[in-house]
Number of protein chains: 2
Amino acid sequence: MAEDDRAPHDGSQAHGPLLRKLSRIIELSNAETSCLQALHSNTVTFEPGQDILEEGRKIEQAYIQIDGWAYRYKTLLDGRRQIMNFVLPGDMSGIYGGIRVEADESVAAHTRVKCHSFDPVDLIELFGNCPKVGVAISWLVGRQDAIMSEQVLRVGRRTAYERTGHLILELLNRLRHTGDAESRSFELPITQELLADCLGLSVVHVNRTLRKLRENGIAHVKENRILIDDLERLINVTEFDGGYLEPHKLPPKVDQALN
Amino acid sequence: MAEDDRAPHDGSQAHGPLLRKLSRIIELSNAETSCLQALHSNTVTFEPGQDILEEGRKIEQAYIQIDGWAYRYKTLLDGRRQIMNFVLPGDMSGIYGGIRVEADESVAAHTRVKCHSFDPVDLIELFGNCPKVGVAISWLVGRQDAIMSEQVLRVGRRTAYERTGHLILELLNRLRHTGDAESRSFELPITQELLADCLGLSVVHVNRTLRKLRENGIAHVKENRILIDDLERLINVTEFDGGYLEPHKLPPKVDQALN
DNA sequence: CGGATCTTTGACTACGTTCAATTATTGTGG
DNA sequence: CCACAATAATTGAACGTAGTCAAAGATCCG
């Protein structure tokens with residue numbers, strides 16, 4: 001799991017999970033790459049349980065996550081908590097810092113989390129100086145938006161069973177984009193309580209749902225890994241269509257406009 | 001309700017709901033304003049029920065909504081539908097068109113909807129040519145993101161009663177930013193079925209929830225208007241904090257960087 | 001006026017929650 | 001290396017919020 005971000009996974013670029021992800025949708029020149037690399041100069045580590053950003057507080061730094069699992073969440077006064085989404089290697093936090101002073105959500109590290117930090121205001125300048133990188137970042141933002149959208153559908157209209165299965169597939173696919181998952185399994189270093197707070201369910205019910213998934217021969221958890229036993233059926237049951245996660249090449253018109 | 005976008009509401013700018021909203025967070029020069037105005041040259045009208053964008057199809061046009069209610073939604077195969085969010089005057093649709101070819105969600109007009117349309121690729125160029133406008137648009141994107149985030153919390157962790165009340169307050173506040181709501185009431189031209197699909201509830205339950213809200217003297221619907229009878233209590237019950245909707249001035253550092 | 005759509009209510013059902021207790025599993029210090 | 005504490009997973013039983021089904025009013029509109 002712990003990965004050296006200088007070691008390429010499979011012949012792709014050796015610049016860490018963010019560039020690995022971006023290289024699939026847009027071709028960056030050396031100048032542009034180093035433009036992005038400028039955001040990679042600082043490294044910070046957060047310990048499990050530590051807050052990376054806090055709802056309502058000023059966003060001092062933005063982050064590019066390299067390793068570990070974090071999550072974006074909100075809470076209600078009586079303690080109910082909702083996780084919007086997990087933050088995985090290659091994901092960014094706090095990018096609105098230059099524009100929307102206060103954080104709308106909290107972000108916390110669940111495992112030990114390693115990330116690069118930078119001044120969110122730099123991002124604004126980067127959009128001006130390096131439009132192609134701006135487009136790449138916008139693509140990421142759009143993708144996050146699509147993920148959020150699936151999250152609303154999941155929590156709002158899917159049953160507990162569908163919900164759980166669908167999230168598993170989303171995580172599988174997201175992790176595969178950075179080389180952090182095998183074809184049918186991945187490391188899931190989180191508790192059922194986190195899962196519950198992400199799925200809008202109680203811990204007890206998550207547990208029962210996972211059991212049903214296991215009993216049906218669809219997927220099971222073993223030693224902090226999730227193993228998918230019947231991928232096809234899981235896809236069918238959850239109506240999973242990974243299109244929203246996939247990198248598409250940019251429209252040619254845009255590529256021209258940028259060169 | 002139907003409003004002439006040349007007629008200022010209250011001494012603010014007379015350039016339609018988008019500029020009215022933006023003028024609260026960022027000062028735009030004449031050059032910048034006309035930069036934005038370039039997106040306002042075409043006008044389209046959609047009839048009730050008509051699709052503005054369709055999930056999975058290419059995004060041909062982006063839109064700035066001037067008037068009417070639309071909604072972004074997704075459906076499951078058996079007909080379950082989840083509304084991500086309502087699209088109100090001053091909101092944009094299809095802005096990722098230049099970057100993410102296919103639409104991740106559908107957008108449909110509920111009332112008659114009037115909007116300006118433009119080529120989403122123009123938006124990319126605009127970011128390069130007119131950074132201040134880029135920042136303004138990014139602010140809008142960030143705000144949408146925050147709204148989505150609240151939607152996840154609402155649907156995932158709030159009770160039906162809290163959910164319904166919270167959405168009412170969100171709509172009230174959003175509409176007030178464009179002058180489309182009074183201080184404690186607004187035109188709600190939608191059916192309970194739409195509300196249900198937004199709240200992740202059944203129509204029947206929405207109906208019962210609205211009744212409870214009415215019986216408790218908190219809010220009631222009359223002639224397609226929602227009237228809030230006890231604003232303070234509604235805010236308390238729903239733990240509503242409108243911060244995520246409010247325009248904040250940009251950090252001074254950013255303002256400098258842009259001039 | 002008549003048909004269609006929307007709202008409202010009742011009765012019953014069920015999915016998921018809560019409470020409570022038991023059984024792993026993990027981590028820590030002696 | 002084990003004992004103990006703490007955390008996490010698992011299961012049962014009872015409950016409750018919200019869903020489904022069905023039917024009766026309202027309202028809208030041509």
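In what follows, every chain begins at residue 1, and chains take the letters A, B, ... in the order their sequences are listed.
Evaluation of atom-type donor-acceptor distances gives a pair under 3.5 Å for the side chain of Arg208(A) against the base of dG12(D).
Counting heavy atoms from C-beta outward, Tyr161(B) and Ile218(B) have side chains that approach closer than 4.5 Å.
Among the nucleotides dT10(D), dG16(C), dT18(C), the one closest to the side chain of Arg214(A) is dT10(D). Of the candidate nucleotides dG16(C), dG19(D), dA9(D), dA9(D) has the atom lying nearest to any side-chain atom of Gln192(A).
Separating the CD atom of Glu215(B) from the P atom of dT9(C) is a distance of 8 Å, rounded to the nearest angstrom. Between the NE2 atom of His110(B) and the P atom of dT5(C) there is a distance of 13 Å, rounded to whole Å. Distance Glu223(A) CD to dT26(C) C1': 14 Å, rounded to the nearest Å. Separating the NZ atom of Lys212(A) from the P atom of dG16(C) is a distance of 8 Å, rounded to the nearest angstrom. Note: CZ (Arg157(B)) to P (dT17(D)) measures 16 Å, nearest angstrom. Lys222(A) has its NZ atom 15 Å from the P atom of dA24(C), to the nearest Å. At whole-Å resolution of the value, NE2 in His220(B) and C1' in dT8(C) are 17 Å apart. Separating the CG atom of Asn224(B) from the P atom of dC29(D) is a distance of 9 Å, rounded to the nearest angstrom.
Using cut-offs of 30° and 60° on the angle between ring planes, the pair Phe186(B) and Trp69(B) is parallel.
Within 4.0 Å (heavy atoms only), Val203(B) reaches no atom of the nucleic acid at all. Residue-level contact check: Thr191(B) touches the backbone only, with heavy atoms under 4.0 Å from sugar-phosphate atoms and none from bases. Here Leu210(A) lies out of heavy-atom contact (under 4.0 Å) with every strand.
Each of Val206(A) and Glu193(B) was matched to the nucleotide of DNA chain C holding its nearest heavy atom; the match closer to the 5' end belongs to Glu193(B).
In this structure, Asn207(A) does not reach the dA9(D) phosphate: none of its side-chain N or O atoms is under 4.0 Å from OP1 or OP2. Phosphate contact (OP1/OP2 of dT11(D), side-chain N/O of Arg211(A), threshold under 4.0 Å): present.
In this model, a donor atom of one side chain and an acceptor atom of the other lie less than 3.5 Å apart for Glu105(A) and Ser149(B).
The aromatic ring centres of Tyr73(A) and Phe86(A) sit 6.0 Å or more apart.
A salt bridge links Lys74(B) and Glu150(A); the closest N-O separation between the charged side-chain nitrogens and carboxylate oxygens is under 4.0 Å.
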